[in-house]
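Since this is a predicted model, take the numbers as computed values, not measurements. A note on names: the letters A, B, ... follow the listed sequences, proteins ahead of strands, and every chain is numbered from 1.
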Protein chains: 2
Amino acid sequence: MNGESDEPARRRLSRAEAKARTRALLLDAAARVFARKGFTGASVEEIAETAGFSIGALYSNFGGKEALFLELLSHRQTDRIAEAAQTLDRHEPGTGEAAAELGRLLLDVADKDIDFAPLQAEFWLYAVRNPDVLDAMAANLRAPRQALEGVISTSLAQQGAPAEVSAEAVATVVAALFGGLVRQRRIDPASVPEELFGQALKWLFAGINAGTAPAATESE
Amino acid sequence: MNGESDEPARRRLSRAEAKARTRALLLDAAARVFARKGFTGASVEEIAETAGFSIGALYSNFGGKEALFLELLSHRQTDRIAEAAQTLDRHEPGTGEAAAELGRLLLDVADKDIDFAPLQAEFWLYAVRNPDVLDAMAANLRAPRQALEGVISTSLAQQGAPAEVSAEAVATVVAALFGGLVRQRRIDPASVPEELFGQALKWLFAGINAGTAPAATESE
DNA sequence: CTATTCAGATAGGGATCACTATGTCAAACC
DNA sequence: GGTTTGACATAGTGATCCCTATCTGAATAG
């Protein structure tokens, strides 16, 4: 956009910089307020106030409450899944290291980032209630899901898992388990100790490999 | 068609019977509307109208919108978990029969009972946002969770699983996986085929049994 | 049959909400 | 330096919502 912007020491923010900053602050505030009050429960006034701006600033940067929410839905949805994929990439799954690190990740998501899970739940509810948004959401999720799938596919090959085992299926199971455990931990933390997620993954991968040799009752 | 329990041949409903009927109809309508619009998004007018009554009828039977919601939260929360436990009780887990039946149960919950998962999500969000309700919800979930735990405990013993494996942990994993897969199927049905839940459980239980012999790096 | 009770209907009040019209002041431009 | 532009603030509007006060008519009681 700008051709001659090489000035390092700029004390005052330019117009575009200031606008970008307010946009980002409004998005952060919106994420917090939507997570705490829900989409319908959140008011644009509270969002603007939380960000330190007025309602006018919000409507100057976004089309409205729904547009602001959809912006979050599109861009803040999938960070944590990619994180899990990277963690699995660094260590081989089925080992104690990967299990321990994934346990820590689950605690981070469930306990530290307390707005994350409720916001995801709001996204899911909104998508389920608005079919057009649902398609967009499924499309957004496909990329990080495939990243996870790739990592899992590699691991399965390394471990000598049966060829019939679909990496996509395993990725879906891992993601569903992660989300389910995060939610359960918010209700009853004691029932989801730090090691549980890693332990479950150990069981899962061990079971996949164990399925190679023995004659199963079913042929699929 | 008359109830033979009390007075035979009563064509008109007594006062108490009519009131109980109205209450039940209002609760059904509330479950539908809350699931489709969310707690804040649902209006008492729409709930009353859906049930075929007026706003006055609603306030004559319940303390208000929140009381109505909490009544649902307390009584309609845990039916499906108990169902899963019964299914697991009829067949041994790890077998094809149990897997197939649980797959069918998941499809029922995800596809047929389209209001179930959104309503559960609303319950979860409300509980997360209201700590006192959260405790009550955790207490409500404990009973069916222990039923599931009991079934799993028996199965683990039958299969000769390692003694260190906690039935509570496995029950938590199974429940979290179930919920996670139901939600994922609502977003992208193709990614959660009918057999996936049963397949994942097969893997899980096979992995638990496989874990008997080898020396694990961790021990707790 | 008359009186009483009460489930449910109706109407309205007070508050909140999303959004808009308009104003203001500093940055960008000539 | 004067003009224009545009980011953000302020005030107001119509709609909606939860809840309450009041009313009606039928089921119960005497």
Specify the separation, in whole Å, of atom [atom1] of [X] and atom [atom2] of [N].
{"X": "A/Lys37", "N": "C/dT16", "atom1": "NZ", "atom2": "P", "answer": "12 Å"}
{"X": "A/Phe34", "N": "C/dC17", "atom1": "CZ", "atom2": "C1'", "answer": "13 Å"}
{"X": "A/Arg23", "N": "D/dA7", "atom1": "CZ", "atom2": "C1'", "answer": "14 Å"}
{"X": "A/Leu25", "N": "D/dC8", "atom1": "CG", "atom2": "P", "answer": "10 Å"}
{"X": "A/Glu49", "N": "D/dT10", "atom1": "CD", "atom2": "P", "answer": "11 Å"}
{"X": "B/Phe62", "N": "C/dG8", "atom1": "CZ", "atom2": "C1'", "answer": "14 Å"}
{"X": "A/Glu17", "N": "D/dG6", "atom1": "CD", "atom2": "P", "answer": "17 Å"}
{"X": "A/Leu58", "N": "C/dC19", "atom1": "CG", "atom2": "P", "answer": "9 Å"}

Listed by chain and number, what are the salt bridge (Lys or Arg N to Asp or Glu O under 4.0 Å) partners of [X], not counting sequence neighbours?
{"X": "B/Arg76", "result": "B/Asp28"}
{"X": "A/Asp188", "result": "B/Arg142"}
{"X": "A/Glu49", "result": "none"}
{"X": "A/Arg36", "result": "A/Asp115"}

Distances under 3.5 Å between nitrogen or oxygen atoms of protein and nucleotides 3-5 of chain D:
unit_1	atom_1	unit_2	atom_2	d
D/dT5	O2	A/Arg15	NH2	2.9

Next item on the list: Report yes if at least one side-chain N or O of A/Thr22 is closer than 4.0 Å to OP1 or OP2 of D/dA7; otherwise report no.
Entry: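 No, outside the criterion.
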Note to self: Would you say B/Asn61 places a side-chain N or O within less than 4.0 Å of OP1 or OP2 belonging to C/dA7?
What the structure shows: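 The answer is no; no side-chain N or O of B/Asn61 sits under 4.0 Å from OP1 or OP2.
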Could you give the side-chain donor-acceptor pairs of residues 130-137 of chain B under 3.5 Å, partners two or more places apart or in another chain?
none

Margin query: For a quick check, with a 4.0 angstrom heavy-atom cut-off, what is the B/S/- contact string for nucleotides 13-18 of chain D, read 5' to 3'?
Written below: ----SS
Check: Heavy atoms under 4.0 Å, any strand shown: does B/Gly56 hit a base, just sugar-phosphate, or nothing?
Finding: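 It contacts base atoms.
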Next item on the list: Quick one: which residue pairs count as a salt bridge (Lys or Arg N to Asp or Glu O under 4.0 Å) with a foot in residues 65-74 of chain B, not counting sequence neighbours?
Entry: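 Only B/Arg23-B/Glu71 qualify under salt bridge (Lys or Arg N to Asp or Glu O under 4.0 Å).
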Note to self: If you only use heavy atoms from C-beta on, which nucleotide in C/dA7, D/dC8, C/dT10 is closest to the side chain of A/Lys19?
What the structure shows: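 Comparing C/dA7, D/dC8, C/dT10 against the side chain of A/Lys19, the answer is D/dC8.
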Next item on the list: Ignoring the backbone of A/Ser14, work out which of C/dA28, C/dA9, C/dA7 is nearest its side chain.
Entry: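 Among C/dA28, C/dA9, C/dA7, the one nearest the side chain of A/Ser14 is C/dA28.
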Check: So how far is it from A/Arg186 CZ to A/Leu181 CG, rounded to the nearest 0.5 Å?
Finding: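 Result: 14.0 Å between the selected atoms.
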Checklist line | Qualifying residues under side chain to side chain donor-acceptor pair (under 3.5 Å), relative to A/Ser191, sequence neighbours excluded | finding: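 Side chain to side chain donor-acceptor pair (under 3.5 Å) check on A/Ser191 returns A/Gln184.
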Notebook entry, point to check: Salt-bridged, B/Asp113 to B/Arg80, with N to O below 4.0 Å?
Noted result: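 Salt bridge: yes.
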